[in-house]
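Reading through the C-alpha cells given below for one structure.
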Amino acid sequence: MTPGTFLDPAALAIVFGGATLATVLRTPARDLARAVAALTVLPRRRFRAETLLDQIATLSRIARRHGVVALDRTVIADRDVAQAIALVVDAAPPAEIARTLEEARRARIERHRTVADVWAGLAEALPAMGMVGTLVGLVAMFTRMADPRAIGAAMAVALLATLYGALASHLLAMPIASRLRRAARVEALERLRLVAPLVALAEREAPRTTALRPAFDSYEDMEDGGDDSADAPEAEAA
C-alpha cells in the first residue's frame, strides 16, 4: 500500500472546499483575515510583560529627570502603552488611564476570542463535510453498481472523505483554536501587570493644586477686616 492510496481529489475537494465555504459564508471578511494572520503568532513565544515593564520604568526615570513632556518624544512599539503614555503627557487623571487600559485589554480579548472561534467553527465543519463526502460517495456507488471500477472509486470517496474530515478537524483546526485561546489568556493576564506602573506614573506626574490658607481665621474676623488696630486705643487707655 502506497501513500497515494489515501489521496483522492474528489474527497479532498468535498471536505476542504465545503468546510472552507461554510466558514467563509458565516464569518465576516475582517475576522477571516485576522484568523489567517493569527497563524503567524503560533510559532512565537507567549506574550510576556517584562520588556514593557522595563520600558515603563525607563520612561518613569526620564519623566523624573527631564519632565513628563520629554515622554512625548519617545518611541513606544506597544499600542496600549503608547496610548497610556500619551494620556500621561496630556495630564489625564489616573482613573482615565486605568479605564483606557482596561477597555483596550477587553477589546483585545474579544478580537482573540473571535479569531479562535473561526478556527473552532472550521473544526466543526470539517467532520460534517466528511459525512457529506461519504453520502456523495455512497450515492455514486449505488448508481453505478454495474461497473465494478466505478464502485471502487465511489467507495474510496465515501471512506476517505470521513477520514479527511476527522483528521483535519482534530489534528489541524481544533489544535490551532486551542493554542490561540491559550495564548490569548496568557496575554490578557500579562497585560494586567502593566496597569499599576502606568497608573503610578500618572499619579506622580498629575498636576497638584496648592491649598491656600484662608486670610481670615473666622467669619467674625472677615467682617472686621482682620484688623485689630481698632482695639489698640482702648488697650492703651486701659
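It should be emphasised that the depicted structure is a prediction, and the values quoted were computed from it without experimental measurement. Just so it is clear, the values below take in all heavy atoms, side chains as well, and ignore hydrogens, waters and symmetry mates.
- Using a distance-only test at 3.5 Å, with no hydrogens or angles considered, a donor-acceptor pair links the side chain of Arg179 to the main chain of Leu42.
- Between Val88 and Ala202, the shortest heavy-atom contact is CG2-CB, 4.0 Å.
- Looking at every heavy atom in both residues, Ser169 comes nearest to Pro175 through O-CD, 4.0 Å.
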Check the pair Arg106 / Glu110 against salt bridge (charged side-chain N to carboxylate O under 4.0 Å, His left out), numbers first and verdict last. CA-CA 6 Å; Arg106 290 183 179 276; Glu110 182 62 23; over 6 Å; no
Check step by step if side-chain hydrogen bond (donor to acceptor under 3.5 Å, both in side chains) holds for Ser178 and Arg181. CA-CA 5 Å; Ser178 299; Arg181 285 171 177 159; 5.5 Å; no
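- The pair Asp31-Arg111 fails the salt-bridge criterion, with no side-chain N (NZ, NE, NH1 or NH2) lying under 4.0 Å from an Asp/Glu carboxylate O.
- Judged purely by atom type and a 3.5 angstrom limit, Thr27 has no side-chain atom pairing as donor or acceptor with the backbone of Val24.
- The closest donor-acceptor contact from the side chain of Thr74 to the backbone of Ala70 lies at 3.5 Å or more, if one exists at all.
- When all heavy atoms of Val15 and Gly130 are compared, the closest pair comes out as CG2-CA, 3.8 Å.
- Under the 3.5 Å distance criterion, the side-chain polar atoms of Trp119 are left unmatched by any main-chain donor or acceptor of Met174.
- For Arg144, the CZ atom counts as loosely surrounded, since its 6.0 Å shell holds 12 or fewer non-hydrogen atoms of other residues, nucleotides or ligands.
- The CG atom of Leu122 sits 8.0 Å away from atom CZ of Arg26, with the distance rounded to the nearest 0.5 Å.
- Connection of Leu201 to Val195 is established within a shared hydrophobic cluster, with ILVMFWY side chains joined at heavy-atom distances below 4.5 Å, either directly or through further cluster members.
- Residue-environment remark: CE (Met131) stays at or below the threshold of 12 foreign heavy atoms within 6.0 Å.
- Annotation for Ala19 and Leu126: closest pair CB-CD2, 3.5 Å, computed over non-hydrogen atoms.
- Under the 4.5 Å side-chain contact rule for hydrophobic residues, Leu167 and Ile176 share a cluster.
- Residue Leu198 comes nearest to Ala84 through the heavy atom pair CD1-CB, 3.7 Å, listed as atom of the first residue, atom of the second, then distance.
- Across every non-hydrogen atom of Ala82 and Ile76, the tightest pair is N-CG2, 3.8 Å.
- For the pair Asp78 and Arg191, the salt-bridge criterion is met [side-chain N within less than 4.0 Å of a carboxylate O].
- With hydrogens and angles disregarded, a donor-acceptor distance shorter than 3.5 Å links the side chain of Thr40 to the backbone of Ala37.
- Using modelled atom types, one side-chain atom of Thr100 and one backbone atom of Glu96 make a donor-acceptor pair closer than 3.5 Å.
- Salt bridge status for Arg46 with Glu190: absent, with no side-chain N to carboxylate O gap under 4.0 Å.
- Linking ILVMFWY residues whenever their side-chain heavy atoms come closer than 4.5 Å, directly or via other members, places Leu87 and Leu101 in the same cluster.
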